[in-house]
Q: 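I have a structure I would like to understand better, so I am pasting it below and will then ask my questions one at a time.
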Amino acid sequence: MKDTTKELLKTTLKRGAISFSISAIIGLLINLIVDICVNAAGNDGFVSMSPEARALFPTPVIAAYVNVLLYGAIGATFAMMTFLFEIDRLGFVIQSILYFLLTSIVLVGITILLWQLHKHPQALVPTIAGYAVTYFIMFTVEYKELKKNIREINEELEAEA
């Protein structure tokens, strides 16, 4: 492996590990807050996971752990797939398309498992909308970074000329 490939792999894995941890913790905290609020409002025994998803596991505790791990997997996927934007020969449009396709496959697959979207289609639109907003933010940040890099290169070339 070339040094640059090793560095890219190391950076990608580091991003994934950090994002996994952050996403898992945030997912856990959001579920906890929702559960506390809904139960405090009088819906005793409410758990912020579909009964169908809980039924996939031998115990509710295991289901809750898997739920948190899957939140982490979503975050790790989003972070790790950013390596595509470091492969210059692909071009920004192809990078963006690949990023969208790969992350959406993971996101939709996990959310179908977690929230049973095939059984609760009313949740599909907010899920896709949330992903679209997240993707738009990521795309905008990357596009601005790309424009900045191009501007800097052009300024260096003009200074040399």
Side-chain angles (χ1 to χ4, degrees), residues 1-35 37 48-50 53 56 63-161:
M1 242 194 251
K2 292 182 180 178
D3 286 338
T4 56
T5 305
K6 285 182 181 179
E7 282 301 312
L8 179 59
L9 180 61
K10 183 179 173 182
T11 301
T12 300
L13 293 174
K14 183 178 176 182
R15 284 180 192 158
I18 291 168
S19 292
F20 179 91
S21 301
I22 292 169
S23 298
I25 290 168
I26 289 172
L28 177 66
L29 291 174
I30 289 172
N31 281 353
L32 182 63
I33 291 167
V34 168
D35 290 349
C37 292
S48 55
M49 193 183 331
S50 73
L56 295 172
Y65 288 145
V66 170
N67 189 38
V68 170
L69 293 175
L70 290 174
Y71 281 129
I74 291 170
T77 300
F78 273 80
M80 291 174 68
M81 288 300 112
T82 61
F83 87 91
L84 292 167
F85 293 100
E86 297 183 33
I87 303 173
D88 296 331
R89 66 183 176 272
L90 288 178
F92 187 66
V93 173
I94 299 298
Q95 292 166 336
S96 299
I97 291 169
L98 285 172
Y99 182 89
F100 178 80
L101 291 174
L102 293 171
T103 55
S104 64
I105 288 168
V106 172
L107 176 79
V108 171
I110 289 174
T111 55
I112 285 173
L113 176 64
L114 285 178
W115 299 302
Q116 302 291 303
L117 294 180
H118 60 289
K119 294 182 181 179
H120 305 283
Q122 68 278 14
L124 184 60
V125 173
T127 301
I128 292 172
Y131 175 67
V133 168
T134 302
Y135 181 76
F136 179 76
I137 291 167
M138 185 285 314
F139 181 85
T140 303
V141 168
E142 281 297 322
Y143 181 72
K144 287 181 179 183
E145 183 68 23
L146 180 64
K147 282 179 65 173
K148 179 182 152 233
N149 291 342
I150 291 170
R151 185 178 63 251
E152 289 173 357
I153 291 169
N154 285 338
E155 288 171 358
E156 287 177 21
L157 291 173
E158 287 175 4
E160 290 177 9

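Basis for what follows: all heavy atoms, side chains included, without hydrogens, waters or symmetry-related copies. What you are looking at is a predicted structure, and each value in this text was computed from that prediction instead of being measured.
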Q: The test is side-chain contact (heavy atoms from CB on, under 4.5 Å); show your working for Tyr71 and Ile30 and say whether it passes.
A: CA-CA 11 Å; Tyr71 281 129; Ile30 289 172; 6.0 Å; no

Q: Pairs in or reaching into residues 64-87: which pass salt bridge (charged side-chain N to carboxylate O under 4.0 Å, His left out), with residues at least two apart or in two chains?
A: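 Matches after skipping sequence neighbours: Arg15-Glu86.
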
Q: Report the distance from atom CE of Met80 to atom CD1 of Ile18, rounding to the nearest 0.5 Å.
A: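 Here the interatomic distance stands at 12.0 Å.
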
Q: May I have the step-by-step check of side-chain contact (heavy atoms from CB on, under 4.5 Å) for Leu107 and Thr134, ending in yes or no?
A: CA-CA 11 Å; Leu107 176 79; Thr134 302; over 6 Å; no

Q: Supply the atom-to-atom distance Ile110 CD1 to Leu69 CG, rounded to the nearest 0.5 angstrom.
A: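 These two atoms lie 10.0 Å from each other.
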
Q: Could you walk me through whether Phe139 and Phe92 pass the ring pair (Phe, Tyr, Trp, His ring centres under 6.0 Å) check?
A: CA-CA 10 Å; Phe139 181 85; Phe92 187 66; 5.1 Å; yes

Q: So among Arg151, Lys147, Glu152, which one has a side-chain contact (heavy atoms from CB on, under 4.5 Å) with Asn149?
A: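 The residue from Arg151, Lys147, Glu152 that satisfies side-chain contact (heavy atoms from CB on, under 4.5 Å) with Asn149 turns out to be Glu152.
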
Q: Return yes if some donor-acceptor pair links the side-chain N/O of Thr11 with the main-chain N/O of Leu8 below 3.5 Å, else return no.
A: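 Such a contact is absent between Thr11 side chain and Leu8 backbone.
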
Q: Under a 3.5 Å distance rule, please check whether Tyr135 uses its side chain to pair with a backbone N or O of Ser96 as donor and acceptor.
A: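 A pair under 3.5 Å: yes.
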
Q: Can Ile97 and Val93 be said to form a side-chain contact (heavy atoms from CB on, under 4.5 Å), step by step?
A: CA-CA 6 Å; Ile97 291 169; Val93 173; 3.9 Å; yes

Q: What's the shortest heavy-atom distance between Gly16 and Ala76, and which atoms?
A: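 That would be O-CB, 3.5 Å.
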
Q: Can you tell me how far the CG atom of Asn67 sits from the CE atom of Met49, to the nearest 0.5 Å?
A: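 Between Asn67 CG and Met49 CE, I get 4.0 Å after rounding to 0.5 Å.
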
Q: Would you say the side-chain atoms of Ser23 pair up with the backbone N or O of Phe20, donor to acceptor, closer than 3.5 Å?
A: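 Not confirmed, Ser23 side chain does not pair with Phe20 backbone.
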
Q: Using a 3.5 Å distance criterion without hydrogens, assess whether the side chain of Ser104 forms a donor-acceptor pair with backbone atoms of Leu101.
A: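 Looks like yes, one N/O pair under 3.5 Å.
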
Q: Taking all atoms of both residues into account, what is the closest heavy-atom pair of Thr12 and Phe83, and its distance?
A: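 That would be OG1-CB, 3.3 Å.
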
Q: With rounding to the nearest 0.5 Å, note down the distance linking CD in Gln95 to CG in Leu146.
A: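 Reported to 0.5 Å precision, the distance equals 8.0 Å.
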
Q: Tell me, with the steps shown, if Leu90 and Phe85 meet side-chain contact (heavy atoms from CB on, under 4.5 Å).
A: CA-CA 8 Å; Leu90 288 178; Phe85 293 100; over 6 Å; no

